[in-house]
Amino acid sequence: MPELPEVEVVKRSLEKNIINLIIKKVIINTNKLRYKIEKKKIKKIITKKILSIKRRSKYLIINLENKKSILVHLGMTGKFFIMNNDNKTKKTSFYYELNQGDEKHNHIIFHLSKNTKLIYNDVRKFGFIKIILTKDLLENSHLKLLGPEPFSKKFNLIYFKKYIIRKKRKIKDILMDQNFVSGLGNIYVNEILFFSKINPKKSVEKLKSGEILRIIKFTKKILLNSIRKGGSSIKDFNDGLGKKGVFQQEFKVYSREGKKCHRKNCSELIKKFNISNRSTFYCQRCQK
DNA sequence: CTTGCAGCCTGAATGC
DNA sequence: TGCATTCAGGCTGCAA
C-alpha cells in the first residue's frame, strides 16, 4: 500500500524517466477510477511537455508546460509502470511486483515522446487522476487541509502539543489523521508506535513530552529508512519479472499477529485489534 | 466544532 | 470442490 515512502520513490522514478517528455496521446481504458476521468481536460494536455514531478503527502503532482498539473493519488493499489522502446514493463516503486495479467488493470496509458509510455494500473480503482490549473494546487480540496510533511520542521514538539490539546483521541487515530501530519498510513503508524514503545490505544492527553519526542523522531527515521532502501532496490529499473529490484519490506508488528515480538529479551506475541476499523498490531509488553 | 462511519472496488483468503 | 462471505485499505462526505 503506497504511503509516503512508496510515493516518494515513484516520484523519483518519474523524475528520472519522464521529465521533458511530451504527451503525445492518452488512452483511457477505464473511464471511472475514484472520480470520473474528464476527457475534455485530458485532450488539452496533448502536445504538452512534462516539466517537473512533485510529491505532497501521498499525492503526486506532474507539472506541465501549459500551466496545468496532473494530480494523482494512488489509493490502495495504484501503481505506475514505465515502458520504453524495448517494450518491457518497468516498476516505479518497491511496494509491488510485476505479474502476468497485470495489463487487465492498465486503466490509463500516456504515450510520451521517445517512445515511452506511462501506464496507470490500479486493481481496486481507489486512486484517481485529475487535471487542474497549477496555480490552484494550494487551494485544491485534496491538498488544502493537509498537515505538515513528517520531515518538515513544522512537525515538532510544540506543534504536536498544540494540536492535541483538549483532544481525547487515541494516538494511533491522530497519527493516521492527514490533517495532523500528512503521508502516514496504517502500516507505518503501527511501526512507528512499536519503535516509540507507545500503546496505539493510548489517549493523546496522557502523552508525555518524552513520548511525543520519540514518536516524532521515529516517524522521520522510519520513513527515511524506507525511502532509502526502497529507492536503492529499484535504482536500476529492473523489470520485476526477473527477481531484481524487489525489496521485501520487513515490518516489526504490521501483519505479524501471533508472532514473537522482535525486541530483544521479549517473547511476547504480537496482538491484533481494530482502531477506527483499521487493523492495529502491537506488543502489549513493549508498548505502554 | 469534533468525531465516527458507510461506501467506493477487486482479489485473496477463509468458511461451510 | 465450489460457492459464499470476509477482509484489506485511503479518503470523502455526511450524520451525530
Side-chain angles (χ1 to χ4, degrees), chain A residues 1-8 10-11 28-38 55-61 71-80 93-108 120-130 132 137 139-147 149-150 162-193 200-205 219 223 226 249 251 253-259 270-281:
Chain A
M1 289 109 257
E3 302 182 27
L4 189 152
E6 290 80 1
V7 178
E8 175 63 24
V10 174
K11 181 227 168 196
I28 300 170
N29 292 326
T30 307
N31 187 23
K32 203 164 171 278
L33 297 176
R34 180 173 182 124
Y35 304 112
K36 203 175 161 200
I37 313 275
E38 296 180 84
R55 179 190 61 74
R56 171 77 172 103
S57 182
K58 303 172 196 172
Y59 295 85
L60 285 165
I61 296 154
L71 179 64
V72 181
H73 194 286
L74 301 168
M76 301 273 319
T77 53
K79 53 200 83 157
F80 275 117
S93 195
F94 58 92
Y95 61 93
Y96 61 92
E97 295 185 36
L98 291 178
N99 296 301
Q100 300 287 345
D102 278 343
E103 317 80 56
K104 182 163 62 164
H105 303 293
N106 286 351
H107 302 311
I108 302 177
Y120 181 75
N121 179 292
D122 189 346
V123 171
R124 291 184 203 167
K125 298 178 186 161
F126 273 24
F128 68 80
I129 289 183
K130 281 183 178 178
I132 56 176
L137 274 172
E139 286 303 306
N140 180 273
S141 61
H142 298 288
L143 306 179
K144 193 178 177 180
L145 298 175
L146 288 176
E149 292 279 319
K162 205 171 171 186
Y163 192 91
I164 64 177
I165 196 161
R166 282 186 292 275
K167 288 198 168 67
K168 291 180 178 173
R169 297 163 69 188
K170 298 177 178 69
I171 179 58
K172 186 178 181 231
D173 239 3
I174 289 278
L175 291 175
M176 295 283 290
D177 186 341
Q178 302 300 305
N179 298 334
F180 169 58
V181 60
S182 63
L184 304 180
N186 197 36
I187 295 176
Y188 286 104
V189 169
N190 274 295
E191 296 297 293
I192 289 162
L193 290 173
K201 279 182 270 199
K202 190 159 188 163
S203 170
V204 288
E205 60 187 344
T219 298
L223 296 181
S226 246
Q249 267 178 300
F251 300 118
V253 286
Y254 182 77
S255 199
R256 292 194 67 247
E257 183 185 18
K259 296 186 177 158
I270 301 302
K271 283 219 157 60
K272 177 189 175 186
F273 67 104
N274 275 4
I275 289 180
S276 305
N277 228 8
R278 292 282 173 265
S279 301
T280 304
F281 302 86

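Per chain, numbering begins at 1; letters A, B, ... match sequence-line order. Just the heavy atoms: all of them, side chains too, but no hydrogens, waters or symmetry mates, feed the values below. Predicted, not measured: the structure shown is a model, and the values here were computed from it.
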| If each of A:Asp173 and A:Arg278 is mapped to the nucleotide of DNA chain B with the nearest heavy atom, which maps nearer the 5' terminus, i.e. the 5' end? | A:Asp173
| note | Numerically ordered, the residues 164-172 of chain A set in heavy-atom contact under 4.0 Å with DNA chain B is A:Lys167, A:Arg169
Just checking [X]: base, sugar-phosphate only, or nothing, at a heavy-atom cut-off of under 4.0 Å?
X: A:Ser141; answer: nothing
X: A:Lys144; answer: nothing
X: A:Tyr35; answer: sugar-phosphate
X: A:Asn277; answer: nothing

Examine [N]: is either OP1 or OP2 under 4.0 Å from a nitrogen or oxygen in the side chain of [X]? Give yes or no.
X: A:His73; N: C:dC11; value: yes
X: A:Lys125; N: B:dT10; value: yes
X: A:Ser279; N: C:dA8; value: yes
X: A:Gln178; N: C:dC11; value: yes
X: A:Arg124; N: C:dG10; value: no
X: A:His142; N: C:dC11; value: no
X: A:Lys104; N: B:dT10; value: no

Without decimals, in angstroms, what is the distance between [X] [atom1] and [N] [atom2]?
X: A:Leu184; N: C:dC11; atom1: CG; atom2: C1'; result: 15 Å
X: A:Ile187; N: C:dA8; atom1: CD1; atom2: C1'; result: 10 Å
X: A:Phe126; N: C:dC11; atom1: CZ; atom2: C1'; result: 9 Å
X: A:Asn99; N: B:dA12; atom1: CG; atom2: C1'; result: 13 Å
X: A:Leu74; N: B:dC9; atom1: CG; atom2: P; result: 18 Å
X: A:Tyr163; N: B:dT3; atom1: OH; atom2: P; result: 8 Å
X: A:Asn274; N: C:dT6; atom1: CG; atom2: P; result: 15 Å
X: A:His107; N: B:dC8; atom1: NE2; atom2: P; result: 17 Å

| said: Can you see whether A:Phe273 has A:Lys271 sitting over its ring - NZ or CZ less than 6.0 Å from the centre and within 45° of the normal? | reply: no
| query | Distance-only, no hydrogens or angles: does the A:Arg55 side chain make a donor-acceptor pair with backbone N or O of A:Ser57 under 3.5 Å? | reply | yes
| query | Which one, C:dC11, B:dT10, C:dG10, comes nearest to the side chain of A:Val123? | reply | B:dT10
| note | Quick note, A:Arg34 side chain, CB onward, closest among B:dG11, C:dA8, B:dG7 is B:dG7
| query | Of A:Leu143 and A:Thr77, whose closest DNA chain C nucleotide lies nearer the 5' terminus? | reply | A:Thr77
| Between A:Lys172 and A:Asn186, does any side-chain donor sit less than 3.5 Å from a side-chain acceptor? | yes
| said: Does either side chain, that of A:Thr30 or that of A:Lys125, offer a donor lying less than 3.5 Å from an acceptor on the other one? | reply: no
Check the surroundings of atom [atom1] in [X]: do more than 12 heavy atoms from other residues, nucleotides or ligands lie under 6.0 Å from it?
X: A:Glu38; atom1: CD; result: no
X: A:Lys170; atom1: NZ; result: no
X: A:Lys167; atom1: NZ; result: yes

| field | Straight-line distance of A:Ile37 CD1 to A:Phe128 CZ, nearest 0.5 Å | value | 10.5 Å
| Base partner of B:dG7, which must satisfy Watson-Crick or wobble distances under 3.5 Å | C:dC11
| request: For the pair A:Lys79 and A:Asp102, evaluate salt bridge (Lys or Arg N to Asp or Glu O under 4.0 Å) and give the outcome as yes or no after the intermediate values. | output: CA-CA 11 Å; A:Lys79 53 200 83 157; A:Asp102 278 343; 5.5 Å; no
